[in-house]
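Computed from a predicted model, the values in this text were never measured in an experiment.
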Amino acid sequence: MVRAWYYLESDDDQFAPHGGPEVSLEALENLGVLYWKLNADQYQIDGQLDSICNERHYKNRDQVTITDAFLVEKLQMFFEEHLHDDEEIRFILEGSGYFDVRDTEDRWIRIEVVKDDLIIIPAGIFHRFSPDSKKFIKALRLFQDESKWTPI
């Protein structure tokens, strides 16, 4: 089950949990954030991911791996608050990290994602991403149209 909590500002680096009061899956759904627990080792044969993709009209996908070397160049871009005009869909194949989303009262909610998690951040919601202290995550990115990552 997905874990989420209010992000507490502190001097800790962005890779730390910054744990505050828990946030329910229902509260995330009220913001438009959707979540599924799939099997990253079996998704290519069990059909669950393909079923979700067909239902939600995701036609394209690619894979991204974030490591220490990648972070040197891209970390600030991911952690800078932004939004998109499309959903942001990620299926975690390995590793772990955090998506932070703003709630209706402008507070950050930190959502922990780990292997087997599929998360959808709705279009138009302010968010950011950070790996956790392990600084490694491999994810499948899903798209309704062409593969793109364009913040607005």
Check against side-chain contact (heavy atoms from CB on, under 4.5 Å), Val64 and Lys138: CA-CA 6 Å; Val64 62; Lys138 183 190 292 185; over 6 Å; no
Side-chain touch [X]/[Y], heavy atoms, less than 4.5 angstrom:
| X | Y | result |
| --- | --- | --- |
| Leu34 | Arg56 | yes |
| Tyr98 | Pro17 | yes |
| Pro122 | Val33 | yes |
| Ile119 | Ile89 | no |
| Phe15 | Ser130 | yes |

Check the surroundings of atom CD in Gln63: do more than 12 heavy atoms from other residues, nucleotides or ligands lie under 6.0 Å from it? yes
Around atom NZ of Lys37, are there more than 12 heavy atoms of other residues, nucleotides or ligands at under 6.0 Å? yes
Using the ring of Tyr7 (Phe, Tyr or Trp, six-membered ring only), decide whether Arg128 places NZ or CZ under 6.0 Å from its centre and within 45 degrees of its axis. yes
Please answer whether the main-chain N or O of [Y] pairs with a side-chain N or O of [X] as donor and acceptor at a distance below 3.5 Å.
| X | Y | result |
| --- | --- | --- |
| His18 | Glu9 | no |
| Asp50 | Gly47 | no |
| His84 | Ile121 | no |

Can you tell me how far [atom2] of [Y] sits from [atom1] of [X], rounded to the nearest 0.5 angstrom?
| X | Y | atom1 | atom2 | result |
| --- | --- | --- | --- | --- |
| Ile125 | Thr104 | CD1 | OG1 | 9.5 Å |
| Tyr58 | Leu140 | OH | CG | 12.0 Å |
| Gln144 | Asn60 | CD | CG | 10.5 Å |
| Ile137 | Glu94 | CD1 | CD | 10.0 Å |
| Ile111 | His127 | CD1 | NE2 | 10.5 Å |
| Leu49 | Asn54 | CG | CG | 9.5 Å |

Does this structure show an ion pair linking [X] with [Y], if we count only N-O contacts that are shorter than 4.0 Å?
| X | Y | value |
| --- | --- | --- |
| Asp117 | Arg90 | no |
| Glu112 | Arg3 | yes |
| Glu81 | Arg102 | yes |

Can you name the nearest heavy-atom pair linking [X] to [Y], along with the distance?
| X | Y | answer |
| --- | --- | --- |
| Phe129 | Ile66 | CE2-CD1, 3.8 Å |
| Ala16 | Arg110 | O-NH1, 2.6 Å |
| Ala4 | Ile109 | CB-CG2, 4.1 Å |

Is [Y] reachable from [X] through a run of hydrophobic residues whose side-chain heavy atoms are each under 4.5 Å from the next?
| X | Y | result |
| --- | --- | --- |
| Leu28 | Ile92 | yes |
| Phe99 | Leu25 | yes |
| Leu118 | Tyr35 | no |
| Leu142 | Trp36 | yes |

Under the salt bridge (charged side-chain N to carboxylate O under 4.0 Å, His left out) criterion, do Asp62 and Arg141 qualify, and how do the steps go? CA-CA 5 Å; Asp62 67 14; Arg141 304 185 316 163; 2.7 Å; yes
Quick one, Ser24 with Glu29, criterion side-chain contact (heavy atoms from CB on, under 4.5 Å). Give me CA distance, side-chain angles, the key distance, then yes/no. CA-CA 9 Å; Ser24 69; Glu29 289 172 349; over 6 Å; no
Name all residues meeting the side chain to side chain donor-acceptor pair (under 3.5 Å) criterion together with Lys59; count only those two or more places apart in sequence or in a different chain, and write none if there are none. none
Parallel, tilted or perpendicular for Phe91 and Tyr43, by the 30°/60° rule? perpendicular
